[in-house]
Enquirer: 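Quick one: the structure is below, questions incoming.
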4 protein chains.
Amino acid sequence: MDAKRERIKQAALEIFSSQGYANTTVQQIAERARVGKGTFYTYFATKEDVLTDLLTEGLNNMGQHIEKKIRTIQGSVAKLRAIVREQLRYFHEHQSLCRLITREVWGHSDQSSPLAQRVRSSYLKMLQEVVEKGIKDGELRSLDPQTVATALYGMVSMVALSMKDLPSDTALERVEMTLQELLFSGITTSRMITVEA
Amino acid sequence: MDAKRERIKQAALEIFSSQGYANTTVQQIAERARVGKGTFYTYFATKEDVLTDLLTEGLNNMGQHIEKKIRTIQGSVAKLRAIVREQLRYFHEHQSLCRLITREVWGHSDQSSPLAQRVRSSYLKMLQEVVEKGIKDGELRSLDPQTVATALYGMVSMVALSMKDLPSDTALERVEMTLQELLFSGITTSRMITVEA
Amino acid sequence: MDAKRERIKQAALEIFSSQGYANTTVQQIAERARVGKGTFYTYFATKEDVLTDLLTEGLNNMGQHIEKKIRTIQGSVAKLRAIVREQLRYFHEHQSLCRLITREVWGHSDQSSPLAQRVRSSYLKMLQEVVEKGIKDGELRSLDPQTVATALYGMVSMVALSMKDLPSDTALERVEMTLQELLFSGITTSRMITVEA
Amino acid sequence: MDAKRERIKQAALEIFSSQGYANTTVQQIAERARVGKGTFYTYFATKEDVLTDLLTEGLNNMGQHIEKKIRTIQGSVAKLRAIVREQLRYFHEHQSLCRLITREVWGHSDQSSPLAQRVRSSYLKMLQEVVEKGIKDGELRSLDPQTVATALYGMVSMVALSMKDLPSDTALERVEMTLQELLFSGITTSRMITVEA
DNA sequence: TATGAATGAGAATTCATTCAT
DNA sequence: AATGAATGAATTCTCATTCAT
């Protein structure tokens with residue numbers, strides 16, 4: 001039964017996300033997954049393994065989900081719009097995952113966790129490439145792509161984390177619109193005139 | 001000697017930030033602070049107390065630091081500019097604190113940690129008020145202030161976390177400019193025309 | 001299929017001998033015997049049962065083997081010679097068994113393991129009887145039979161344990177001769193003159 | 001208090017010897033030493049560390065004790081006599097140590113435990129040298145020194161293990177005399193005539 | 001009969017906290 | 001005030017044994 005492995009992962013995700021990885025005991029995970037403590041170790045070699053699994057799989061899934069959505073979209077601006085929309089929805093729907101990534105990936109220094117480093121960059125790299133393309137095509141302003149990608153990611157994920165547990169769909173849409181406006185047109189009423197180097 | 005208390009706090013901050021709160025032992029903190037393990041408990045009742053201290057004090061300090069900077073500044077846009085600048089510099093200079101907040105405040109669900117809740121909102125509230133004022137004055141577009149405040153915070157802090165350990169001052173300035181441009185004027189070359197409700 | 005039972009015993013013996021009983025898992029035994037872990041329990045009720053089986057059977061086999069060899073031999077000295085020769089060869093050929101006996105039988109206090117007690121004495125008793133007969137017949141000097149039997153056993157088995165894994169037959173013969181000389185004629189060049197009580 | 005370290009070692013020795021290392025829990029050691037379980041780890045890094053300590057120290061002590069005794073003795077035969085006497089008394093007085101060595105040193109294959117290898121040879125080497133000297137001086141017959149040393153060791157230690165817990169001193173003396181006779185003059189009434197190569 | 005997934009009792013080890021000095 | 005030795009609760013992980021297939 002591979003359903004058991006999934007049950008364990010799901011249980012782990014939920015508890016990790018609410019208490020943090022380090023405060024979670026294998027016992028708790030097993031109980032929530034309704035399996036024996038020993039069974040946990042039939043499916044995962046160590047407690048850390050579930051974490052790794054959850055993080056890589058979670059980010060991979062989101063990455064694939066989003067890539068599929070934007071593949072057919074023309075134009076970098078439109079692509080970025082879709083990314084904001086999808087990342088927000090994904091993290092909103094998988095708030096536990098988002099919290100886990102924030103805690104265990106962004107909350108670690110690169111040196112102390114090579115996993116964090118790896119996981120972090122996989123998704124960001126895609127964002128960055130979209131931004132670079134947009135700049136080359138003249139659709140986007142010439143800003144440092146890496147900074148832009150990170151800022152976009154940070155903006156969306158922290159907003160997702162702030163949303164109360166189950167806001168109505170309209171609330172979600174309003175938040176999304178706010179982020180889109182902010183990101184694409186800026187916060188000011190009058191457009192700044194900037195002379196770029 | 002109150003210097004000892006500060007030494008302990010500083011030591012704790014550094015180790016918490018690089019290993020995470022839960023993976024840090026009181027022994028390690030004491031060693032780094034060059035005091036005996038028992039001495040730790042002369043100054044703090046529990047290990048968690050240092051964390052609480054660091055988080056509240058850290059965010060308070062940043063809040064006060066920034067409030068002082070913007071007090072004399074006229075105009076909401078100018079104020080926000082200053083906030084972005086100062087928060088980025090503060091988090092860059094205190095990357096440990098930033099990481100700690102990300103881990104222990106944003107990485108927790110509100111329910112599981114009332115402290116997180118409290119700490120989180122104290123700084124955000126100020127941001128939000130500046131945004132609200134700006135909207136009322138017509139300087140800022142009419143976007144949801146809470147979302148904008150959170151987005152701004154997330155953007156800046158994740159960018160701060162991404163900066164390699166000791167970038168040159170010019171690098172810092174370039175990142176700052178990118179964020180400013182992004183936030184105030186948006187990412188697109190052509191201003192979106194949006195009809196607002 | 002009773003071959004399976006033997007496969008399991010053989011596998012257990014080898015692993016017990018090299019890692020010790022307590023460090024050996026049923027899993028390892030099953031793997032080495034090329035059966036499923038559950039199958040182990042078709043043939044043995046508990047892990048300890050295999051150990052008991054191996055020890056009693058091993059010592060019994062050696063006992064029978066040796067008794068058969070000496071049955072037709074006349075004279076106690078000749079009998080003892082044969083015993084030294086055969087025990088050395090048996091333990092050399094079954095070094096695993098010898099190590100197991102040393103570990104699990106001699107390495108336990110009598111109280112803690114009645115099995116040890118029983119197993120130990122079965123073979124020693126035979127030795128002792130041969131010695132007693134020899135003394136009565138005037139072939140052997142009047143030394144305490146129990147001590148002599150134990151000494152002989154200890155001498156032979158520790159030497160067997162010391163022999164590198166696969167010494168040539170001539171090496172084995174040289175060792176055997178050394179033991180025979182030592183035991184029968186003593187270590188000194190000049191015969192000690194001892195007045196016996 | 002370094003007495004505590006000794007209490008722990010003594011407790012460990014006793015329990016290891018009666019139940020075997022692997023069956024002994026740190027809990028049991030701590031209880032018998034009348035300290036908390038955690039205290040055990042103040043003095044020893046791991047459970048294995050006590051074992052190592054006991055084995056090396058035990059054999060070293062015996063080695064030194066015996067070397068001191070024989071240093072002033074002239075003649076190899078006399079030296080060997082003293083060795084038999086002292087090893088027997090030492091192992092009789094420290095039966096726990098003897099059992100521990102038998103179990104954990106002789107009961108392991110060399111490959112599986114480099115410690116065993118090392119510990120085993122340290123004492124045997126000394127024995128062997130005495131034998132070699134005796135042969136060179138013509139006091140001892142020309143037998144393989146390594147085999148003789150091992151045989152002597154095995155003989156004495158297994159006899160020591162067999163002695164009921166607290167035999168009278170006269171019993172001990174009788175056993176000692178038996179071993180001496182056996183080792184030096186051989187078991188037969190008539191001296192074997194052997195032509196040596 | 002053969003199997004291996006499931007399980008929980010149990011073991012080593014860690015660590016926050018206490019307390020006597 | 002400062003210290004570190006002492007402690008036991010708590011945690012991860014192992015493994016003999018059971019049992020449904």
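The chains referred to below are lettered A, B, ... by the order of the sequence lines, with proteins before strands, and numbering in each begins at 1.
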Enquirer: Does D:A11 offer a backbone N or O that forms a donor-acceptor pair with the side chain of D:R32 under 3.5 Å?
Expert: no

Enquirer: So, does D:Q28 use its side chain to make a donor-acceptor pair with the main chain of D:T25 at under 3.5 Å?
Expert: yes

Enquirer: Could you give the CD-to-P distance, from A:E48 to F:dT11, as a whole number of Å?
Expert: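 Spelled out: CD on A:E48 to P on F:dT11 is 18 Å.
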
Enquirer: Taking atom P of E:dA6 as reference, at what distance in whole Å does atom CD1 of A:I29 sit?
Expert: 17 Å

Enquirer: Among E:dT13, F:dA6, E:dA5, which nucleotide sits nearest the side chain of D:Y43?
Expert: F:dA6

Enquirer: Nearest whole Å is fine: how far is F:dT3 P from B:Q27 CD?
Expert: 12 Å

Enquirer: Rounded to whole angstrom units, what separation is found between the NZ atom of A:K47 and the P atom of F:dT11?
Expert: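 Those two atoms, NZ and P, are 9 Å apart.
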
Enquirer: Would one find a side-chain N or O of B:K4 under 4.0 angstrom from OP1 or OP2 of F:dA2?
Expert: yes

Enquirer: Counting the atoms with a prime plus P, OP1 and OP2 as sugar-phosphate, which does A:T42 contact under 4.0 Å by heavy atoms, base, sugar-phosphate, or nothing?
Expert: base

Enquirer: Testing the 3.5 Å rule here: is there a donor-acceptor pair between the side chains of D:Q10 and D:E14?
Expert: yes

Enquirer: For C:D2 and E:dT1, what is the distance between atoms CG and C1' respectively, to the nearest whole Å?
Expert: 13 Å

Enquirer: Got a sec? Which of residues 33-41 of chain A come in under 4.0 Å of DNA chain F, heavy atoms?
Expert: A:K37, A:Y41

Enquirer: Does the pair C:E31/C:K37 count as a salt bridge with the N-to-O cut at 4.0 Å?
Expert: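 No, this pair does not count.
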
Enquirer: Evaluate salt bridge (Lys or Arg N to Asp or Glu O under 4.0 Å) for B:D49 paired with B:K9, printing each intermediate quantity in order.
Expert: CA-CA 10 Å; B:D49 271 19; B:K9 273 166 65 174; over 6 Å; no

Enquirer: Give the dot-bracket string for DNA chain E, reading 5' to 3', where a pair is Watson-Crick or G-U wobble with both distances under 3.5 Å, ( ) marks pairs inside the strand, [ ] marks pairs crossing earlier ones, | marks a partner on another strand, and . marks unpaired.
Expert: .||||||||||||||||||||

Enquirer: Is it true that the NZ or CZ of A:K47 lies under 6.0 Å from the centre of A:Y21's six-membered ring and within 45 degrees of the ring axis?
Expert: yes

Enquirer: Applying side chain to side chain donor-acceptor pair (under 3.5 Å) to D:R103 and D:H108, what does each step give before you reach the verdict?
Expert: CA-CA 8 Å; D:R103 238 191 113 87; D:H108 273 292; over 6 Å; no

Enquirer: Applying the side chain to side chain contact (heavy atoms under 4.5 Å, CB included) criterion to D:L55, which one of D:L100, D:V50, D:N60 satisfies it?
Expert: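 The option that passes is D:L100.
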
Enquirer: D:I15 CD1 to E:dA11 C1': how many Å, rounded?
Expert: 15 Å

Enquirer: Given atom CD of B:E31 and atom P of F:dT3, what is their separation to the nearest angstrom?
Expert: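 Going from B:E31 (CD) to F:dT3 (P), I get 13 Å.
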
Enquirer: Can you tell me how the ring of B:Y90 sits relative to the ring of B:H94, calling it parallel under 30°, perpendicular over 60° and tilted otherwise?
Expert: parallel

Enquirer: More 5' along DNA chain F: A:T25 or A:A45, using each one's nearest nucleotide?
Expert: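 Result of the comparison: A:T25.
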
Enquirer: Rounding to an integer number of Å, can you tell me how far B:F44 CZ sits from F:dA1 P?
Expert: 14 Å

Enquirer: Given F:dT17, F:dC13, E:dT13, identify the nucleotide with an atom nearest to the side chain of D:V26.
Expert: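 That would be E:dT13.
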
